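Following: one structure in structure tokens, then a few remarks.
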2 protein chains.
Amino acid sequence: MSTKSSPRAPQRSRAASPSRRERVSDHRAVGPPAAPTFKPIHTRRTFEEICERIREQLALGVLKPGDKLPAERELAQQLGVSRNVLREALRSLEMAGVLRLQKGVKGGAFIQQGDTRRMNEVMRDMLSLGTISVRELSEARVHVLDLVVQLACANARRADLDALEANIERTELATKEGRLLDRVECSREFYKLLAASTGNKVIAMIVDSVTEIHMRFVYAKVASSGVAMARLAEKRRQFLAALSERNVDLASRLLRSHLESVQRMLEQDPGAMSLHVALADVQPGMRR
Amino acid sequence: MSTKSSPRAPQRSRAASPSRRERVSDHRAVGPPAAPTFKPIHTRRTFEEICERIREQLALGVLKPGDKLPAERELAQQLGVSRNVLREALRSLEMAGVLRLQKGVKGGAFIQQGDTRRMNEVMRDMLSLGTISVRELSEARVHVLDLVVQLACANARRADLDALEANIERTELATKEGRLLDRVECSREFYKLLAASTGNKVIAMIVDSVTEIHMRFVYAKVASSGVAMARLAEKRRQFLAALSERNVDLASRLLRSHLESVQRMLEQDPGAMSLHVALADVQPGMRR
DNA sequence: GATTATTAAATGGATCACCCATTCAATGGA
DNA sequence: TCCATTGAATGGGTGATCCATTTAATAATC
């Protein structure tokens, strides 16, 4: 950690207390606002400072995944803050996927490998807050997947194709056994594998984030109506064949046409397609 | 809020205390693990529960941007938790851009309009943690921008083109006056405007997140070496002309060639291009 | 009566002092 | 040797208390 800049500032609030009165009397002594210097309005809060300090250490490479931060009590003392406010910072970093907190002796705050699922949460929040629309999300997904097909045709390795093949077999099995919701889960995984086959984790992350939401809608639709995409595995096989032959145009056409038919299925009964229904529930396997 | 499921559970830890002993004696009474039911390992922590409750209300539409949550003291009582742990939850949601906390009477926790910049932070963290590489990010950016050009050619409105035009003029001015770093800022804005001209906020968000990081590298490069892209404004004008004429191929070619030359510039002196330098500093205008 | 200080209350920001539950290593007994 | 016990470290959580900021109500002043 080496948090060298911790000048042991206990009782910071109390120490800063007189400054307010000073500022006020200064103001009156000078009269009307003589020099409108406009100091930074936003008083930085302690926890923000802490988060930034830790992120800084991360960016600098001083902290790496696997590293452990000092114990809460000790770190709080090092930073000269209360344990509670330190915990607020640690909580935020944990929610951000940067840390993992583990109990017990030998426990502590461990730097995590980055969790790409965090972007999914951003998308969900943006949708919940109405910043983005379902339409925009679907549209973006279609376009991004088109790009993915190009990249996958260019970069997919044998292992990627095999994984897709295995996924299709699971899809067939689920279809045969009538496990419709499992089949939706297979679909989610299919796109995850397809995205991974581009060999670019940034692209993969983006695709996952838009697909996760989309699949919630599909899940809700299938769960409520019992209908499901016909000839799914068959279509997947055709697509995979095109991908294996590096036939971009064909693969692209097949996927696009499939996406369109899924879209039609979803829009068939718009009344049931509540944003809230799809987002509210945390489906098993959909998260964590 | 209507948090109907808050059965006033004070001193939850103490109340749950006997259960541990019960479970242990159960285990011994039965002997070896008879029924490995595997209950959920992860004891849900209070603050997670709170975050989820609030997000649920959001997804359900009960809470909307602009709404105010009850005061901390009151909400804590409603939920049957301590104020401290409630604050941990609120902090997390604030960092997630969902809430804004405001002091003073008439203050409180207000639901925010979604902040699309949050995705930038995800990208930064992923890069800091080594989950994604600069190379993947650059590559993804090139591909996504290619997509953006297509969409912008199809969807850009007059206002979008005008905004781009105005941006180019600012770029010219900054060039003339030798304000190289301001020019980098103009570039960042250029891509933001370009992304916005697709008319799809999801796409725009994605582009912004990869561009923000990229521009940090450019910024660091320009700041350290003093070199800058030649004939920038001129190239921008050519591109904008192609965009205005809805000439996808030309616009696409121009942008791609520009991106390549920028990439060459960045890679010229790889030693100076430290990931850490680019990420560590919070540049003015780059954030918040 | 209008304007300007003053005061009071509400609220987030922060601290302190505890306590509980979990985990794991050290210890000790069978 | 093996297993149970113990104890310490650590995160999880609580409650009381104070500070700083903001706003509205109130009083003082012109």
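Just so it is clear, the model here is predicted, and its values are computed rather than measured. In the text below, chain A, chain B and the rest are named by the order of the sequence lines, each starting its count at 1.
- Computed from coordinates, the L86(A) CG to dC16(C) C1' distance equals 15 Å when rounded to whole Å.
- Here E48(A) contributes atom CD and R55(A) contributes atom CZ; the two are 11.0 Å apart, rounded to the nearest 0.5 Å.
- Screening M119(A), R117(A), Q113(A), Q112(A) against D115(A) for a side-chain contact (heavy atoms from CB on, under 4.5 Å) leaves a single residue, R117(A).
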Protein-nucleic acid N or O pairs under 3.5 Å, nucleotides 7-11 of chain D:
from, atom 1, to, atom 2, distance (Å)
dA9(D), N3, V105(A), N, 3.3
dT10(D), O4', G104(A), O, 3.3
dG11(D), OP2, E72(A), N, 3.0
dG11(D), N7, R73(A), NH1, 3.0
dG11(D), N7, R83(A), NH2, 3.4
dG11(D), O6, R73(A), NH2, 3.1

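- Atom CD of Q77(A) is separated from atom C1' of dC16(C) by 13 Å (rounded to the nearest Å).
- R91(B) pairs with exactly one of R91(A), E88(A), R87(A) by the side-chain contact (heavy atoms from CB on, under 4.5 Å) rule, that one being E88(A).
- Computed from coordinates, the L90(B) CG to dA14(C) C1' distance equals 15 Å when rounded to whole Å.
- To the nearest 0.5 angstrom, N84(A) atom CG is 4.0 Å from N84(B) atom CG.
- Distance CG (L79(A)) to C1' (dT15(C)): 15 Å, rounded to an integer number of Å.
- A cation-pi arrangement is absent between R188(A) and Y219(A) under the rule of less than 6.0 angstrom and at most 45 degrees off the ring axis.
- Rounded to an integer number of Å, the gap from CZ of F47(A) to P of dG12(C) is 14 Å.
- We find that CD of E48(B) is positioned 9 Å from P of dG12(D), with the value rounded to whole Å.
- Look at T46(B) and you'll find a side-chain N or O under 4.0 angstrom from OP1 or OP2 of dG13(D).
- Residues E121(A) and R118(B) are paired through a salt bridge, judged by an N-O separation under 4.0 Å between the basic side chain and the carboxylate.
- Here the C1' atom of nucleotide dT15(C) and the CD atom of E88(A) are 11 Å apart, to the nearest Å.
- The CZ-C1' distance, from R100(B) to dT21(D), rounds to 15 Å in whole Å.
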